[in-house]
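These notes concern the structure reproduced below.
Computed over heavy atoms, backbone and side chain alike; hydrogens, waters and symmetry mates excluded.
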Amino acid sequence: MRSLYIVILFSNLLMAVACVGPTTPFGALNYEENQKLRKPSQVEETSPIYKIAFHPNRQVYHDKTDFSIEVQSEKAIPDDLLIQVFHNKQNVTESFLNLAKIHNSHDQKTRIFMISDFRLKALDPNLISVKLIQKDKLMSIEDYQSPSCLMTENKTYSPTGHFKPAQSYLKLIEKVALSEKSNPALLGAVVTQESGFNPQAVSWAKAIGLTQVTPLAEEQILKSVEDWPRYPGINTLSYLTLKSKIVMGEISSDKEWRLDPEKSLRGGLSYLQYLQTYWDLEQNKKLISQLKGDPDQVLTDLILASYNSGPARVRQAVATKGNEWKRHEKLKEALRYLRKVKSYCYHYAKKEVKDDSET
């Protein structure tokens, strides 16, 4: 009897898992809901009557945030206008509506679906789309885009919440980036992700300073600069010894350039520029010319992933997986890093997102 009970219990658990499925940002995936989903019988061009807007207007990966979908109409929104939400091509409408608070404007021309503390996992594909259906006709569809960030833009970086660095750091970031015709928001985002604006930050890989320059990256950086101070034998020290010497002040900015905020910024940017040169090599340009997407964004993504994981590893991923290079098994950390840096870069430049600590 006991074994029969265990078999029945296990079967029930399997059925429960089969019905609910894996979790999404909108809750558990309901397979029954997907099976009974009825597709529109007719597909129209996007109707000018209805518009879909998101807030934040692009995906956020660096923190949880309040997320909303806003439906706008030229006239009062009718009761038969239905919303459908999809995550990675799976219908999550039921879960979405269970989580969302719905607000209607006084004139009934705007309807807002809001979810608090919404978080996207950096390693998930997160293909999110919203459809508006009326009388079995597709009236409007909109995709929730990922954040963008380019090396060549000129965006002011204004972090908030968890990161409230001194204005002197932000001015220094802008000064250094603009002097090299680079994007201050991108450099600021790299600093945010790498060190959280701690000029004495040290990692287990013995990366040091605001931009967390590693010993390997340092070799490349020092080829283009002169007379930057280096602490003798610093790269041979263990992590604990290195950390303690920095905390005690034995290794300081006048003895090690990576602890100097401006030199760290210039060094980190120099390495980013080196990576840009690497991907501009003829053999690499031919390799990445086949990748889909905006060429400037593709190049920036490759540079940022290389800053985290090294250009050789990223190149191998591109060579073996093509457009799916970010999903390579060896680039999980690089994908997480890439998405967070772009999220910081895009949203702090727009001053659109408040951090968890501010809500």
With the side chain counted from C-beta on, respond yes when [X] and [Y] share a heavy-atom pair under 4.5 Å apart, and no when they do not.
X	Y	answer
Phe197	Leu170	yes
Leu299	Gln276	yes
Lys255	Pro229	no

[X] and [Y]: side chain donor to acceptor below 3.5 Å:
X	Y	value
Glu218	Asn235	yes
Gln72	Glu70	yes
Asn98	Glu94	no
Thr320	Trp325	no
Tyr346	Asn57	yes

Gap between atom [atom2] of [Y] and atom [atom1] of [X] - 0.5 Å precision:
X	Y	atom1	atom2	result
Lys131	Asp143	NZ	CG	9.5 Å
Ser253	Ile246	OG	CD1	11.0 Å
Asp280	Gln273	CG	CD	11.5 Å

- Sequence neighbours left out, what pairs pass ring-ring contact (aromatic ring centres under 6.0 Å, His included) with at least one residue falling in residues 134-156? Phe54-Tyr144, Phe67-Tyr144
- How would you list all residue pairs meeting ring-ring contact (aromatic ring centres under 6.0 Å, His included) that involve residues 214-238, not counting sequence neighbours? Trp228-Trp257
- Which atom of Pro311 lies closest to which atom of Trp279, heavy atoms considered: O-CZ2, 4.0 Å
Apply ring pair (Phe, Tyr, Trp, His ring centres under 6.0 Å) to [X] and list each qualifying residue two or more places apart in sequence or on a separate chain.
X	result
Tyr337	none
Phe26	Phe96, Phe118
Tyr271	Tyr274, Tyr307

- Item | Verify same cluster id: Ile115, Leu97 (apolar side-chain graph, 4.5 Å) | yes
- Query: Under a single-linkage definition using a 4.5 Å side-chain heavy-atom cutoff for Ile, Leu, Val, Met, Phe, Trp and Tyr, are Ile128 and Ile112 assigned to the same hydrophobic cluster?
  - Reply: no
- Provide the full list of side-chain hydrogen bond (donor to acceptor under 3.5 Å, both in side chains) pairs with a residue in residues 198-216, sequence neighbours left out, each pair given once. Thr211-Ser264
- Task: Not counting sequence neighbours, which residues clear salt bridge (charged side-chain N to carboxylate O under 4.0 Å, His left out) with Arg313? List them please.
- Result: none
- Message: Checking Glu256 now: which residues fulfil salt bridge (charged side-chain N to carboxylate O under 4.0 Å, His left out) with it, not counting sequence neighbours?
- Response: Arg258
- Message: If you apply the rule salt bridge (charged side-chain N to carboxylate O under 4.0 Å, His left out), what do you find for Glu174 with Lys171, and how did you get there?
- Response: CA-CA 5 Å; Glu174 187 168 13; Lys171 291 179 180 178; over 6 Å; no
- Should Asp301 and Lys326 count as an ion pair when the cut-off is N to O under 4.0 Å? yes
- Query: Less than 4.0 Å between a side-chain N and a carboxylate O, is that true for Glu324 and Arg327?
  - Reply: no
- Message: Suppose the criterion is salt bridge (Lys or Arg N to Asp or Glu O under 4.0 Å): which pairs have a residue in residues 261-278, not counting sequence neighbours?
- Response: Lys175-Glu262, Glu262-Arg266
- Please check if the side chain of Asn126 supplies one atom and the backbone of Lys121 the other of a donor-acceptor pair under 3.5 Å. yes
My understanding is that only residues two or more places apart in sequence, or in another chain, count here; which of them pass side-chain hydrogen bond (donor to acceptor under 3.5 Å, both in side chains) with [X]?
X	answer
Lys245	Glu250
Gln134	Tyr50, Asp80
Asn308	none

- Task: Evaluate whether atom CD of Gln167 has more than 12 neighbouring non-hydrogen atoms of other residues, nucleotides or ligands under 6.0 angstrom away.
- Result: no
